[in-house]
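Quick note: numbers below take in every heavy atom, side chains included, and nothing from hydrogens, waters or symmetry partners.
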Amino acid sequence: MIAAAVFAHILGTTLVCYSVWNFQESAMTAVEHLPPFRWVIVGAAALILAMSMGAIVNGMSAYVVPLEELHGWDRADISLINVSGIVGMAFGGLIMGAMADKFGTRTVVLMGSIVMGLAYLTSAAASQLWQYYMLMFIAGLFGGAAIFAPVMSLVGKWFPVGAGLAIGIASAGQALGQGGVPFGSALLIKSFGVSGALAITGGLMLVVLIPLAALLRPIELGYSAQVSAVQSRDYPPIKLVVPMMCLAIFLCCTSMSVPLMHLVPHIQGCGYSADEAGTVIFLMLMVGILGRIAFGKLADIIGSIPAYMTATAWMTLLIYGFILINDLSSFYLYAPIYGFGYAGVMTGVLTTTAAYTPPERRGFALGVITMFGWFGHANGGYLGGYLYDMTADYAVAYGMAALAGALNLVVVAILLWMVKGPGAAEAASS
């Protein structure tokens, strides 16, 4: 019965998303002669984000228990390896966004791909915590930061209408990586050990990311003029939107990063193997691919902020449920339901930023907002490990995550109230 309910829920959601597809297609007539290459950009962006963000955001989750067993380090200290990469990416986002504007997205992403690959290859020889911290910080500062904001900005520029769907698809690549990289890492660690897994990951980055980065062509000049015409509209003050979104993304990323970083070790603590735990988060984030696309479409239909609030409420209501179950089959059923809604949160952040900031300042806005998002990821990832070390249990950590999600929902609701009114119509639904 439970399995049937889960299947019906996922199928029903998919059918709803399909039913609104034609609505968005009618809006696409606002711009004629849309270049088909824009979908190549979206596909390349999704795959680049899959490998790079999967590695830097929560790829180290598969290494928590192996490093603990190998060196006897505390989980909080091991979690700081992941924190180092995310903090590096947070600070690097502002620098790399400006570099992408000056030198082009393709050049900056190529550089970031090379840096990330080399950092992971070098980390295979690390034996001290400070070495992991330094290498992951470099991977984030000059690698991940050179990829995320420039890539997402380029996707938005190629889509004057229907940006929600395009951003959702590109963002789905990140969900693919956040499930696939920890799962693949667990298998590599089992076969080749920690050092071997890191070396293979670094080599794959160089082989895969460099050719994909070469596909990131700048927007065509003639099409750029069409985009500017379509995007000419009134926007609320950027000094209102950016601070509110910075607070919102810090809270929502604090919330989501707890299960992203600590669901695998939590399931292992229930008596299951790393492979079994990795399969659960892999399944959760694979369903999250559908969630990112669905909530991108939902943003095009009901507006970016309402879609963002829907995803936030979904995540907040379900996140503590992981503590209430300890059976592997229950994890397999529950995680995909949580993952579908959780995945829409980051899509909501990106579509809301695109909807409420002017194009000429969107790169700056995205850089600042995502910086606070990475700080939130680092905060939640570290607090999860710290609270576990203090209590020998994840209940307090997941309770803190639920509280952060609830506070985020309040902030986003206030933002919606502040921008609602004459001249502040939902840009994403146009």
Requested in this report: Could you give me the CA-CA distance, side-chain angles and deciding distance for Phe148 and Gln174, then say whether side-chain contact (heavy atoms from CB on, under 4.5 Å) is met?
Outcome: CA-CA 10 Å; Phe148 183 78; Gln174 182 177 342; 3.3 Å; yes
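- Residues passing the side chain to side chain contact (heavy atoms under 4.5 Å, CB included) test with Leu403, sequence neighbours excluded: Leu407.
- Two rings, from Tyr394 and His262, have their centers less than 6.0 Å apart.
- Here the side chain of Tyr308 pairs no donor or acceptor atom with the backbone of Leu409 at under 3.5 angstrom.
- Within a 6.0 Å radius of OH in Tyr272, more than 12 heavy atoms belonging to other residues, nucleotides or ligands are found.
- Every residue meeting the ring-ring contact (aromatic ring centres under 6.0 Å, His included) condition with Phe183, not counting sequence neighbours, appears here in chain and number order: Phe282.
- Inter-residue side-chain proximity for Ser113 and Leu206 is flagged as unmet; no heavy-atom pair is nearer than 4.5 Å.
- Val109 approaches Ala146 most closely through the heavy-atom pair CG2-O, 3.5 Å.
- In this structure, the side chains of Phe37 and Ile41 come closer than 4.5 Å at one or more pairs of heavy atoms.
- To the nearest 0.5 angstrom, Leu141 atom CG is 12.0 Å from Ser84 atom OG.
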Report task. Would you please test Val64 and Val264 for side-chain contact (heavy atoms from CB on, under 4.5 Å) and show each step? Result -> CA-CA 9 Å; Val64 172; Val264 169; over 6 Å; no
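- For the pair Ile48 and Met51, the minimum side-chain heavy-atom distance is 4.5 Å or more.
- Taking the six-membered ring for Trp and the full ring otherwise, Trp374 and Phe91 have centroids separated by 6.0 Å or more.
- Atom-to-atom distance recorded for Leu49:CG and Met152:CE is 6.5 Å, nearest 0.5 angstrom.
- With values rounded to the nearest 0.5 angstrom, Leu415 atom CG is found 11.5 Å from Trp417 atom CH2.
- Listed by chain and residue number, nothing satisfies the side chain to side chain donor-acceptor pair (under 3.5 Å) test with Thr107 (two or more places apart in sequence, or in another chain).
- Looking at heavy atoms from C-beta onward, Met96 lies in side-chain contact with Met111 at the 4.5 angstrom threshold.
- The ring-ring contact (aromatic ring centres under 6.0 Å, His included) test applied to Tyr338 returns Phe322, Tyr342, not counting sequence neighbours.
- A donor-acceptor pair shorter than 3.5 Å cannot be found between the side chains of Arg292 and Thr347.
- In this structure, Phe103 has no ring-ring contact (aromatic ring centres under 6.0 Å, His included) partners at least two apart in sequence or on a different chain.
- With rounding to the nearest 0.5 Å, the separation of CD1 in Ile267 from OH in Tyr332 is 8.0 Å.
- Taking OG1 of Thr310 as the start and CD1 of Ile305 as the end, the distance is 11.5 Å to the nearest 0.5 Å.
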Query raised in the report: Would Ile147 and Met116 satisfy side-chain contact (heavy atoms from CB on, under 4.5 Å), going step by step from the backbone distance to the final call?
Result: CA-CA 10 Å; Ile147 292 173; Met116 284 197 69; 4.0 Å; yes
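- Residues that satisfy the side chain to side chain donor-acceptor pair (under 3.5 Å) test with Thr312, not counting sequence neighbours, are Asn408.
- The two residues Leu165 and Asp300 make their nearest non-hydrogen contact at N-OD2, 3.1 Å.
- With sequence neighbours left out, the side chain to side chain contact (heavy atoms under 4.5 Å, CB included) criterion links Leu176 to Ala50, Met286, Ile289.
- Looking only at side-chain heavy atoms (C-beta outward), Phe137 and Met89 stay at 4.5 Å or farther from each other.
- Annotation: side chain to side chain donor-acceptor pair (under 3.5 Å) contacts of His266 (sequence neighbours excluded): none.
- Proximity of a side-chain donor or acceptor of Trp314 to a complementary backbone N or O of Ile337 within less than 3.5 Å is detected.
- Considering every non-hydrogen atom in both Gly384 and Ala397, the closest pair reads CA-CB, 3.9 Å.
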Identify each donor-acceptor pair in which a side-chain atom of residues 242-260 lies under 3.5 Å from a protein atom, sequence neighbours left out, and give them as a table.
residue: Thr254; atom: OG1; partner: Phe250; partner atom: O; Å: 2.8
residue: Thr254; atom: OG1; partner: Gly376; partner atom: O; Å: 3.4
residue: Thr254; atom: OG1; partner: Asn379; partner atom: ND2; Å: 3.3
residue: Ser255; atom: OG; partner: Ala401; partner atom: O; Å: 2.8
residue: Ser257; atom: OG; partner: Cys253; partner atom: O; Å: 2.9
residue: Ser257; atom: OG; partner: Thr254; partner atom: O; Å: 3.2
residue: Ser257; atom: OG; partner: His377; partner atom: O; Å: 3.3
residue: Ser257; atom: OG; partner: Gly381; partner atom: N; Å: 3.3

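- Annotation for Leu154 and Pro218: closest pair CD1-CA, 4.4 Å, computed over non-hydrogen atoms.
- Between Pro265 and Val65, the closest heavy-atom pair is CB-CG2, 4.3 Å.
- Ser123 contributes a side-chain N or O that, together with a main-chain N or O of Tyr120, makes up a donor-acceptor pair within less than 3.5 Å.
- Atoms CG and CG, from Leu216 and Leu110 in turn, are 8.0 Å apart once rounded to the nearest 0.5 Å.
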Query - side-chain contact (heavy atoms from CB on, under 4.5 Å) assessment of Val280 paired with Leu328 - result: CA-CA 8 Å; Val280 172; Leu328 187 62; 3.9 Å; yes
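- Shown here is Tyr386, whose OH atom has no more than 12 heavy atoms of other residues, nucleotides or ligands within 6.0 Å.
- For Val83, the side chain to side chain contact (heavy atoms under 4.5 Å, CB included) criterion is met by Leu80, Val87, Ala378, Tyr382, not counting sequence neighbours.
- A heavy-atom distance below 4.5 Å is found between the side chains of Leu350 and Leu366.
- The shortest distance between side-chain heavy atoms of Ile238 and Tyr356 does not fall below 4.5 Å.
- Partners of Ile81 under the side chain to side chain contact (heavy atoms under 4.5 Å, CB included) rule, at least two apart in sequence or in another chain, are Met60, Leu67, Ile78, Leu129, Tyr132, Tyr133, Met136.
- Here the closest non-hydrogen pair linking Ile86 and Ile56 is CG1-O, 3.8 Å.
- Between the side chain of Thr351 and the backbone N or O of Gly348, at least one donor-acceptor pair lies under 3.5 Å.
- Under the 4.5 Å side-chain criterion, counting only non-hydrogen atoms from C-beta, Arg106 is not in contact with Leu215.
- For Asn326, there are no side chain to side chain donor-acceptor pair (under 3.5 Å) partners, not counting sequence neighbours.
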